[in-house]
Each structure stands twice: as C-alpha cells, then as structure tokens.
Amino acid sequence: MLDEIFENFVKNTIFKNKKAVQASYTPEIILHREKEINQIASVLAPSLRLEKPSNLFLYGVTGTGKTLSIRYVTNQLLEKAKENNVNLKVIYINCKLKKVADTEYRILAELLEYLGRKVPATGLPTDSLYKMFTEIINEKEMMLILILDEIDQAVDKIGDSLLYNLTRLDSSLTNSQISVVGITNRLTFVDALDPRIRSSLSEEEILFHPYNALQLQDILRVRAKEAFKDSIIDEGVLEKCSAYAAQEHGDARRALDLLRVAGELVERDSKKKVTLDYVDIAESKIEKDRVLDIVKSQPKQFQLTFLSIVENSKKNNGQSFHTGDVFERYSYLCTASKVKEITQRRISDIIGEFDMLGLITTKVISRGRGGKTREIKLAINPNLLEKVENILKENLNL
DNA sequence: CGAGATTCATGTGAAGTATACCTTTAGGCTTAA
DNA sequence: AAGCCTAAAGGTATACTTCACATGAATCTCGTA
C-alpha cells in the first residue's frame, strides 16, 4: 500500500524544479526590476574598490522584489569581488524572525555567528558583543555589507539604539568599512527615526512599486516554466494567481505561493493538471498554514492569551471586545490548565504583540466614563476558528 | 445650561525581581619535573 | 611549579511584576441665567 503511494509520488511528479516557485529562490533573470537593480548596483559598486558605499534604504510593500533584488545584486557583487581579490562580505539578517533576531543582542549574536564566532544566548553584556564584532572585522581589511531585512519590526521593538550604534561603529573601524542596507515594507518608517540616524543611514533610498497584474503574470510564466513540467498548468491558472495577488497590493510572493501550493495539492491528489479549482484551495490553505504556524510557535502564555481572544471572539460573534474580557477569560484558563498566571500589565503587552503579528486588530478607545481600553477584533478567517481553538486546547492540555 | 471636576478601566513608562546563563577568580587537587 | 577542575562571585539578557502616573470622553456637580 505505502509502496504504491511512494511510487506514485516519485514517478508522477508534476514538478521539474520546485525550487523555482519557492520564495527564497533567486532566478537568473529578474523581470520588471531592471531599474531598481541598476540603482542598487551603482550604489554598492564602490565596495569593489574597498571604498565605502553609501548606506542604502529599500522601501516597498511585501513581495515587490526588494529582498530578491538585493540578493541578486550582492551575489553578483560577491563574484566580482572574488575575481578581483577583494575581501567583501555580505551578511543578510531578517529581523522579524522571533527568537532569532528580535532584540539588539540577538541580532548582534546572529551577526557574529555569520562571521564565525559562536556567542552564548545570554550572559554577555551587549557592548562586549560590539567589541567582538569590531575586533573580528578589524582583523583584516574587508568591506562589509550588512543587510537588515524587515528592519522596521526590530526598531519597533527595540528602538533606534541598534541603528545608532551601527552607524557609529563605522567610525571606530580602522581597517575595514561597513555599510548598511535597510529593508522595510513600511513607507513611513524613516520619518519616525531619530534625525541623526536618519541622515546617516538613508543616504540613498530606492522605492519599489508593487507589480501590476500583467507584470505578475510575466513573472509567474517564467518561473512556472522552470518549475513545472510542460503542459501541466491549465489555461488561466497563472492569470488567476496573479489576479489574486494583484488584489493584495501586487505581492509577487503571494502569487508564487499560490502557484506552488496549488501544485503541491495537485501532486498530493495524484492528479495530472493544475486546474483553476486548485488555486482556490491553495488560497485557503495558505491562510490556514500561516495562522496555524504562528499560533503553534508561540510560547505558552501567548497561546493562553490567544485562546482567550478566540473564545471571546466566538462568544461575541466576531464583534469586538476589550482587554478586561481577555484577561478574565485568560485567568480562568490558567486555573483550568494549572499554568501560573501572569499580570494584566503583561497581557496588555502580549495583546499588542499579537496586533503586530496581524492576528488581531486593536484600537485604543476611550469609552468615556467606561474608561480607556483596547478594542480587540480577531483578524483571521472565521472558518479557522475551530481549528485554531482545538490545536491550542490540545497544546495546553485543556 | 454650560464650564469644570470627577470617574472609570486600562494604557504606558520606569524600576525592580527571578531565572538562566556567562566569565572571571581563587582555591584545591593532581601531576610532572 | 604548572596544569586542571570546581565552586563561588559578579555580571548580563529576558520575561515578568510592581508601582505610579497618564488618558480622554461620558457623566456629574454646581453656579448662573
């Protein structure tokens, strides 16, 4: 029985090279971003002569090719550097990843790890990490390009200090030079920065506009050709994927995800063709996976809080409710699952973090004499509620 | 009737605490010269 | 005397708590028209 399934899977695959429709893939040619790529390249080019390139900032909503473009350019740059014997290093850090790089310390630790120095997760003073960092870099002459992706997330959480220190770091280096590339999907991000940091950090700025539906189609076509075997994809599938993604501010990553997941689903059903229906199924699966992944990876107290939010939302038929309600239910859940209770102060912060993750939307309102509070609304598809609730309950032994 | 005071429920900031983990240091024991 | 191990001392980051004050519109109070 199993043999048959595996056999089927091996033989009947519809993918030629699935990597090509994965978000992390860097294709040979990048469509509709020539201008931006050239700009980036000309900003970073001085590094080949060991001259410090200007610091650079890339803006644009998600899935507009920011990460892709910078990756592409730096890859080429690295090759060129190798040819010319230039000691160039590029470090890419995604600041959003929780538990990996969401505090100043952890970002630095990540940085040092790239440079080949293991750092303990706790215990060392932050300045000593800076010291180690400068030491390593100063050991021999080199040019360092530091890419901080989703930097807005980090600054929200830990403030400007990291950026400030990084820009200052540059002056304490004698042998080497460092330039920072910041990537953010919030257009207003730089305005909120301290003016000093702002001027030194965003010497050059490049704005990435969203793709329109036609451009998305082009991109999908190229990628699909590489990823799938011939004539697997039905008429109109690519168009539908791009249309969906274009609705959501032209997010190419989303379009690719749709296509890939649709393909995976087809494969699982051991069908031969990717049809339009599968795009719809993929659409709901992606949403589901995203939510479940986030929810599952949260620590216990967060899960309890979220369960409380879900139950409140259910009780109120999707209408909004307040911090007090959440805490009350949370408190009950703690007793039920024999978990130590956390204060309301902390719950308030946790609710704020869920807001940042996009699982809920909150708004601070004043209800006059009813006091000031947060109005909380669940922002996930109602069909998922049951599932989320069950998983949480299971995780928490309820 | 309207200006100003009051009130409520919680937001928000700062400082403090517990925990887990790190480095440094000093002592104690072992080993080899 | 040198080398190695261990435990204590002193330090940090993180997650959380405690304390204290800030908010801001509905509601109340009270002097006035």
Side-chain angles (χ1 to χ4, degrees), chain A residues 93 95-113 115-136 153-166 169 192 194 294-309 311-313 315-316 319-335 337-357 359-378 395-396:
Chain A
I93 291 182
C95 305
K96 196 171 79 175
L97 300 176
K98 195 164 179 174
K99 290 285 171 195
V100 178
D102 65 345
T103 67
E104 184 173 9
Y105 183 90
R106 295 213 259 247
I107 288 175
L108 274 170
E110 185 76 5
L111 250 167
L112 283 165
E113 192 153 18
L115 293 169
R117 174 82 73 93
K118 269 276 183 193
V119 184
T122 165
L124 294 189
T126 309
D127 345 350
S128 77
L129 292 204
Y130 275 110
K131 223 167 155 193
M132 278 163 87
F133 184 63
T134 39
E135 260 169 33
I136 294 181
Q153 304 268 343
V155 173
D156 275 353
K157 265 196 103 150
I158 60 183
D160 309 13
S161 58
L162 173 77
L163 293 181
Y164 183 62
N165 287 333
L166 276 180
L169 206 64
D194 187 302
I294 298 180
V295 169
K296 269 193 239 166
S297 62
Q298 296 299 322
K300 221 177 197 134
Q301 297 293 358
F302 285 60
Q303 290 193 349
L304 275 164
T305 313
F306 198 66
L307 183 56
S308 162
I309 291 173
E311 292 190 351
N312 264 295
S313 173
K315 199 175 83 193
N316 292 5
Q319 293 307 303
S320 60
F321 43 91
H322 306 109
T323 306
D325 308 330
V326 175
F327 183 68
E328 198 179 319
R329 184 70 192 162
Y330 159 82
S331 191
Y332 165 79
L333 289 171
C334 276
T335 336
S337 61
K338 303 198 180 77
V339 173
K340 196 180 161 233
E341 195 176 323
I342 256 174
T343 46
Q344 181 156 349
R345 175 70 186 81
R346 180 67 184 142
I347 296 297
S348 176
D349 283 348
I350 292 179
I351 291 174
E353 290 192 37
F354 278 127
D355 189 19
M356 289 235 287
L357 283 172
L359 293 180
I360 58 178
T361 54
T362 70
K363 199 169 139 197
V364 178
I365 54 157
S366 174
R367 294 180 293 170
R369 204 158 194 215
K372 210 167 98 150
T373 180
R374 270 202 186 90
E375 203 166 63
I376 303 165
K377 231 178 185 172
L378 207 53
N395 263 351
L396 299 162

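Reminder, nothing fancy here: chain letters follow the sequence lines and each chain counts from 1.
- If you check dG11(B), dT12(C), dC16(C) against the side chain of T373(A), the one that comes closest is dG11(B).
- Atom OH of Y130(A) and atom P of dA13(C) are 11 Å apart (whole Å).
- A side-chain donor-acceptor contact under 3.5 Å links Y330(A) and Q301(A).
- Residue I342(A) places its side chain closer to dT17(C) than to any other of dA13(C), dT17(C), dT23(C).
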Show, in sequence, the C-alpha distance, side-chain angles and deciding distance for R374(A) and H322(A), and conclude whether the side chain to side chain contact (heavy atoms under 4.5 Å, CB included) test is met. CA-CA 6 Å; R374(A) 270 202 186 90; H322(A) 306 109; over 6 Å; no
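- No engagement by E104(A) is indicated, since no non-hydrogen atom pair under 4.0 Å with the nucleic acid exists.
- Taking only side-chain atoms of Y105(A), from C-beta outward, the nucleotide of dC16(C), dT14(C), dG11(B) with the closest atom is dT14(C).
- Computed from coordinates, the R345(A) CZ to dT10(B) P distance equals 14 Å when rounded to whole Å.
- Separating the CZ atom of F321(A) from the C1' atom of dT10(B) is a distance of 16 Å, rounded to the nearest angstrom.
- Look at CG on D355(A): it is 12 Å from P on dG11(B), rounded to the nearest Å.
- Between I365(A) atom CD1 and dA9(B) atom C1' there is a gap of 11 Å when expressed in whole angstrom units.
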Let me have a per-nucleotide readout for nucleotides 25-30 of chain C, 5' to 3', with B, S or -, counting only protein heavy atoms under 4.0 Å. BBSS--
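- When each of dA13(C), dT23(B), dT10(B) is scored by its nearest atom to the side-chain atoms of T126(A), the top-ranked nucleotide is dA13(C).
- Judged by distance alone, with hydrogens and angles left aside, the side-chain atoms of S308(A) form a donor-acceptor pair with the main-chain N or O of V326(A) at under 3.5 Å.
- Between R106(A) atom CZ and dT14(C) atom C1' there is a gap of 7 Å when expressed in whole angstrom units.
- Nearest nucleotide to the P125(A) side chain, out of dA15(C), dC16(C), dT12(C): dT12(C).
- Side-chain contact annotation: E341(A) with S331(A), donor-acceptor N/O pair under 3.5 Å present.
- Between L124(A) atom CG and dC21(B) atom P the separation is 14 Å, expressed in whole Å.
- Relative to the side chain of R374(A), the nucleotides dC16(C), dA13(C), dT12(B) differ in distance, and dT12(B) lies closest.
- Within the 4.0 Å cut-off from OP1 or OP2 of dC16(C), not a single side-chain nitrogen or oxygen of T343(A) is found.
- Side chain to side chain, N165(A) and E104(A) meet the donor-acceptor criterion of an N or O pair below 3.5 Å.
- Residues K372(A) and I365(A) form no side-chain contact, since every pair of their non-hydrogen atoms from C-beta on lies 4.5 Å or further apart.
- For the pair D349(A) CG and dA15(B) C1', the computed distance is 15 Å after rounding to whole Å.
- Listed here is the closest heavy atom pair of I136(A) and L112(A): CD1-CD2, 3.8 Å.
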